[in-house]
Amino acid sequence: MYRIKAANTYEKRPEDPRGNSYVDYRHKKQDKLDEQLNQQKIDDLFVDCVIMLNGRLEPSANYLRQLIGTHGGKVVFQYMPGVTHIICQNLSASKFIQYSKKTIPVLLPKYILSCVEHKTLLDTTEFILPQLLLEQTQQTQQTQQTQAQEPSPEFRMSQINFNYVVEPVVLDPDSERIQQKLQNLEQQIKIYQLNEIAQIDYGEVIQNVQNTDSQKSSPTQLQYIQNSPVKTHDKINVREYHEQSRLHHLSQWKVEAQQFLIQNPPQGPKPNDTAAPLFMHIDIDCFFVQASYSALSAQQQLLYQSLPLCVCSSSNTGQNSTADIASCNYVARSYGIRNGMWLRTAQEKCKELVILKYDFQVYSEQSKRFYQNLLDISSQIMPVSCDECYIKLSGLISNKEEFMTELKAKIKRSTGLITSIGLGSSLIQARIATKLGKPNGQIHIGKEQFIELIKHKTVDFLPGIGQETATVMNSIGIYSVGDLQHAQLNLLQQTFGEIKGQQLFNSSLGIDSLVFKPIQGGQQQKSKQLQVSQNFGVRLTTLLQLKQFIYNLLVELQAKQKERNQQINRIILHLNVVAKNANPQWAKNGGCGQCEKTTSSCSIQGEVTEYYEQILEPILSQFRVEDVRGADIVGVCGEQQPEIIRNKTNKINDRTSLNQFKELLNNFQEQQQNTNLITGDISQIDQIQDENVREKVKQVIGLQIIKRGNLDDVLKYDDFQQKNYYMQQMWGEFL
DNA sequence: TGAGTGTGGTAG
DNA sequence: ATCGCTACCACACTCA
C-alpha cells in the first residue's frame with residue numbers, strides 16, 4: 001500500500017541523494033560553473049569583483065552570470081563577505097535596509113553591460129538603482145521633518161550615495177527607441193485630450209482617432225516584416241475572429257456541455273458511496289473527423305471510408321501550409337500524422353490525406369446528442385469537454401462488459417460516432433483505460449493492472465505531464481512511468497514543488513489528483529476566470545491600433561461577463577511581444593511566433609471597459625508597439641464566497657478538540673479515492689446533528705484529505721478559503 | 001503568515 | 001495565408 005504523504009508540508013529541504021548537504025551541493029555546483037566559465041574567459045575585466053545578482057533581472061541573471069564569468073568575474077546569488085557589487089532591478093523595503101547596511105554599491109544590470117561595452121570598470125554612480133536614490137531622498141526628507149537625528153547606520157550607504165546624486169542617465173544606444181517612445185508619448189497625450197474634449201462614447205472616440213490615424217499611414221517600418229510578410233490589420237474584430245477559431249469553440253463547447261447538464265440534470269440512479277469506487281471515462285474517438293464525416297453525404301462517406309482523413313482549416317495542398325491538423329483519424333495516424341501537426345508536414349507523410357472542413361455547427365449538435373445519451377446512466381456526471389466526460393458508477397453496474405458495449409452501441413445509433421470507454425476505480429485509471437483502448441475500445445482496469453500496463457510508457461503518457469514536465473523529468477533521470485513509480489518522492493517534490501511532485505507521483509500509481517466534481521443540476525456554474533484573447537493575425541503598427549485592439553478585447557470581455565452573469569473585480573492584460581531573435585522558422589503564418597509576455601493587472605469596480613487606459617499604461621513604456629503580436633485579457637472573477645468571519649478571536653483555540661479530531665482522521669489507514677466518505681471509523685462524524693454541516697464535513701474533509709494527504713494539510717492549505725467558516729461550523733457542532 | 005500579484009504549465 | 005482559445009492549477013515572490 002502506498003501511503004499518501006502530506007502534500008503541503010514545508011519541511012526542510014531534503015538532503016542531496018549523493019550524501020552531500022544541500023549547501024555543499026550548491027557550492028560545488030557553483031564552483032563547477034565558475035570553472036567552466038573560467039575556461040571560456042575572454043579578459044580579466046571583472047577579475048577582482050565578486051558580483052551578487054539579486055532577483056529578477058533584465059537581461060536574465062543567467063545571461064549576466066555568463067557575461068561576468070567570461071570576463072573573469074565571480075558571481076554569487078546570496079550575500080557573502082567579499083561581495084563588491086550588488087546587481088538588482090527592484091529593491092523591496094526590507095532588502096533596501098538589508099543592503100544599505102553594507103557599503104556596497106547597488107547597481108542596475110546595465111552597469112555590467114556598459115562595463116563590458118567600454119571594456120573598463122566604469123564609475124558606479126550613474127548606475128545606482130533609481131529606486132534607491134528616490135527612497136533615500138524620501139527617507140532623508142522624513143528624517144529631517146520628524147527629528148534632526150543622526151542618521152542611523154542603516155542609512156550610511158544612502159548618505160554616501162547622496163553625495164553623488166546624479167540624474168540617472170538612460171544609456172540607451174538605440175536612439176531610435178527613444179524617438180519611438182517620445183512619439184508614443186505624443187500620441188498618448190493626443191488621445192487623452194480627445195477624451196477630455198469629446199464627451200461621447202469612448203469606443204467611438206477611439207474609432208475616430210483610429211481612422212484619422214490610418215489615413216496618415218504611419219511611417220513606422222516593421223522589423224519583423226522582413227521575416228514574415230503578413231499584412232497589417234487596420235481593424236481587428238475579435239468576435240469575427242473567434243467565429244473561425246477552433247480552439248475558441250472548443251472552450252465554448254465545454255461551457256455549453258456544462259450548461260446542458262445543468263439544464264438537463266442527469267436522471268440516472270445515484271451512485272452508492274459505500275460501494276467500491278467505480279468511474280467511467282468516455283471519449284469520442286477523433287471527434288472532429290468523425291463529426292465532419294458524419295455530416296457528409298452517404299456517397300461521400302462511402303468514398304472516404306477507410307481513407308486517411310483529417311480536419312483542417314485549409315485545403316491548401318501547397319508545400320508551405322502552416323495550417324494545423326485539428327484532428328486526424330486512425331488511418332492517418334498510421335502514417336505518423338498527429339493532431340496539431342502542420343498540414344505541410346502531414347502531407348509529406350501521406351499524399352493521399354483527405355482534408356475535411358470544419359463544421360462547428362455540427363460539432364456542437366453532436367456534442368449535445370452525445371451527452372443526451374449519458375443522462376440516464378448515473379446522477380453524477382463531470383464533463384471534461386465537448387466529447388469527453390467522467391461518470392461515477394459506484395454500485396450501479398453489474399455486468400461491465402455488457403454495459404460498455406450497450407452504451408457504445410447506443411451512442412453509435414444516435415450520433416453515428418464511435419467512442420472509447422474506460423472503467424477504473426479512480427478517474428485517472430478510467431482515463432488511462434480509455435487511452436489504452438482507443439480507438440473503439442472498452443476496458444476496465446484496476447490499480448494493479450494500471451501500474452503494470454502503464455509501466456513502460458513514457459512519462460508524458462500520463463495526463464498532466466506535458467512537454468515541459470517531461471523534459472524536466474528526463475533531466476532527473478525519469479523517462480518511463482515505471483521510473484516515476486519508483487522515483488524518490490523527495491526528489492520529485494524538490495524538483496516540481498511539494499504538491500506538484502506529490503501529484504505526479506500519485507498519477508503514476510493511479511491515484512487521482514483531480515477531484516471528481518459532478519455537475520449539480522439547477523446550479524449555475526461559477527467560474528473563477530473569464531478570458532478573451534486573440535493571438536493570431538495581430539499585427540499592430542501604431543499605439544492607436546493597439547489601444548483600439550485592447551479596447552475591442554475589453555468590450556468582448558464585458559459581453560462575456562454579462563452573458564455568464566459573473567462578477568469581475570480584477571482584470572489582467574497579457575501582451576505578447578515578439579521575442580528578440582525569435583526564430584521565424586517556428587512561426588505560423590499569421591501566428592505570434594516566439595513571444596515574451598508582459599503582464600499588468602488592476603482591480604476594478606464597475607464596467608470593465610472603463611479601465612482600459614489604466615491597464616494598458618503600466619506596460620506601454622516597456623516595448624515598441626510594432627513588436628506586439630498578440631494580446632490576452634483575462635478577467636478574474638471574485639469568488640462568491642460566504643461571509644468569512646476574519647475575527648481572530650473566532651479562531652479555533654481548543655487544541656484538545658482539534659488534536660482529538662486530527663488523531664481520529666490520521667488513524668484512517670487507507671484513503672478511498674474520490675468517495676466523499678472517509679473510510680474507517682466515521683461514526684463520530686455521523687454524530688453531527690445538523691445534516692448540512694455533516695455533509696459538508698464529509699465532503700470537504702474527505703475531498704481535501706484525498707487531495708492533500710492528511711488533515712494537517714487540509715487545515716493548513718491556503719486556497720481553502722472557506723476553512724474558517726467550515727471549521728467554525730464543525731467545531732460548533734462536533735465534539 | 002495570509003493576501004496580492006506575476007509566471008508558467010496543461011488540456012481539449 | 002490562416003483563424004495559436006480558455007480555464008484552472010501550482011508556485012515564486014513581495015508586502016504588511
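Every chain is numbered from 1 and lettered A, B, ... according to where its sequence line falls, protein lines coming before strand lines.
Contacts of Glu243(A) with the nucleic acid, taken as non-hydrogen atoms under 4.0 Å apart, are absent. Here Arg239(A) lies out of heavy-atom contact (under 4.0 Å) with every strand. Within 4.0 Å of Gly591(A), counting heavy atoms only, lies at least one base atom of the nucleic acid. Within the nucleic acid shown, Val532(A) comes within 4.0 Å of sugar-phosphate atoms alone, with no base atom in reach, counting heavy atoms only. Within 4.0 Å (heavy atoms only), Phe496(A) reaches sugar-phosphate atoms of the nucleic acid but no base atom. Using a 4.0 Å heavy-atom cutoff across all strands shown, His242(A) reaches sugar-phosphate atoms only and no base atom. Nucleic acid contact for Gly593(A): base, since at least one base atom lies under 4.0 Å from a heavy atom of the residue.
With dC9(C), dG9(B), dT6(C) as the candidates, the nucleotide lying closest to the side chain of Glu468(A) is dG9(B). Which of dA10(C), dC3(C), dG12(B) sits closest to the side chain of Ser385(A) comes down to dG12(B).
Using a 30° and 60° split on the angle between ring planes, Trp253(A) and Phe288(A) fall in the perpendicular class, above 60°.
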Hey, can you pull the donor-acceptor pairs under 3.5 Å for the side chains in residues 570-577 of chain A, sequence neighbours left out?
unit_1: Arg570(A); atom_1: NH2; unit_2: Ser601(A); atom_2: OG; d: 3.3
unit_1: His574(A); atom_1: ND1; unit_2: Thr599(A); atom_2: OG1; d: 3.3
unit_1: Asn576(A); atom_1: ND2; unit_2: Asn535(A); atom_2: OD1; d: 2.8

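Under the side chain to side chain contact (heavy atoms under 4.5 Å, CB included) criterion, Arg333(A) pairs with Cys286(A), Cys328(A), Tyr330(A), Arg338(A), Asn339(A), not counting sequence neighbours.
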